[in-house]
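Values in this document were obtained by computation on a predicted structure and should not be read as measured data. In this chain, numbering begins with 1 at the start of the sequence shown. Order of listing sets the numbers, starting from 1, for every ligand and every atom in it.
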Amino acid sequence: MLGRLNHVAIAVPELASAAATYRDTLGAAVTAPQALPEHGVTVVFVDLGNTKVELLEPHGANSPIAAFLEKNPAGGMHHVCYEVDDIIAARDRLRAAGARILGDGEPKIGAHGKPVLFLHPKDFSGTLVELEQA
Ligand code: CO
């Protein structure tokens with residue numbers, strides 16, 4: 001079921017400076033910022049060839065990463081995103097196995113224009129997992 005690692009996401013308090021660090025200090029290719037109001041974040045992607053790093057900054061008042069940044073004011077690793085071929089089949093299989101799907105359980109459209117779901121960290125070794133239909 002599980003495919004490639006699509007990205008590792010890092011929550012940051014200030015996207016412009018984090019993007020500049022990856023672009024200028026680390027010499028990486030960084031995309032322009034993209035606001036995703038439905039997800040409560042603004043993102044940039046760092047292209048690493050084999051995978052990506054997603055830098056996340058809160059967008060709006062009720063951002064799902066606000067509490068994380070309160071606990072981790074300097075930022076930190078927030079989630080990993082794995083690719084799946086069929087997100088509905090993956091969801092149903094995980095549900096049948098007892099895993100908790102966050103939100104209403106219906107996929108939302110993610111930063112790549114593809115359906116995504118998030119899985120409860122307590123069911124996956126303390127790590128928030130995003131699934132993206134490849
Ligand atoms: Co993500």
Side-chain angles (χ1 to χ4, degrees):
M1 179 180 94
L2 211 55
R4 299 189 317 160
L5 174 67
N6 185 275
H7 60 267
V8 173
I10 299 173
V12 302
E14 216 275 298
L15 190 60
S17 69
T21 298
Y22 271 84
R23 187 181 57 239
D24 303 331
T25 309
L26 295 170
V30 180
T31 63
Q34 183 185 357
L36 301 172
E38 200 191 342
H39 294 275
V41 294
T42 301
V43 304
V44 304
F45 283 97
V46 181
D47 187 4
L48 301 171
N50 63 334
T51 189
K52 295 179 280 289
V53 166
E54 177 185 61
L55 302 176
L56 299 169
E57 177 187 65
H59 177 93
N62 298 312
S63 175
I65 66 170
F68 179 90
L69 283 168
E70 268 170 40
K71 282 183 234 151
N72 305 276
M77 211 210 82
H78 186 261
H79 66 266
V80 293
C81 176
Y82 303 123
E83 295 179 358
V84 294
D85 289 333
D86 181 337
I87 201 161
I88 298 299
R91 177 197 66 189
D92 293 347
R93 174 178 162 157
L94 288 162
R95 261 196 191 142
R100 287 165 282 184
I101 316 297
L102 298 188
D104 64 3
E106 293 308 315
K108 287 185 183 173
I109 297 303
H112 304 111
K114 294 175 176 170
V116 301
L117 281 173
F118 286 89
L119 311 178
H120 200 296
K122 288 199 172 137
D123 297 331
F124 296 93
S125 310
T127 305
L128 178 60
V129 173
E130 179 180 18
L131 297 180
E132 179 176 297
Q133 186 164 290

inquiry  = Please check this pair: side chain of Q133 against backbone of P115, looking for a donor-acceptor N/O pair closer than 3.5 Å.
reply    = no

request  = Sort by chain and number the protein N/O/S atoms that are closer than 2.8 Å to the Co ion (ligand 1), and list them.
outcome  = H7 NE2, E54 OE1, H79 NE2, E130 OE1

ask   = Do we see a donor-acceptor contact under 3.5 Å between the side chains of H78 and E54?
value = no

query = Taking C-beta and beyond as the side chain, do L5 and Y82 meet within less than 4.5 Å on heavy atoms?
reply = yes

task = Give the ring-plane orientation class for H7 versus H79, where under 30° counts as parallel, over 60° as perpendicular and anything between as tilted.
result = perpendicular

key: Under 3.5 Å: donor-acceptor pair, side chain of S63, backbone of G40   = yes

ask   = Side chain of T127, backbone of P121: donor and acceptor closer than 3.5 Å?
value = no

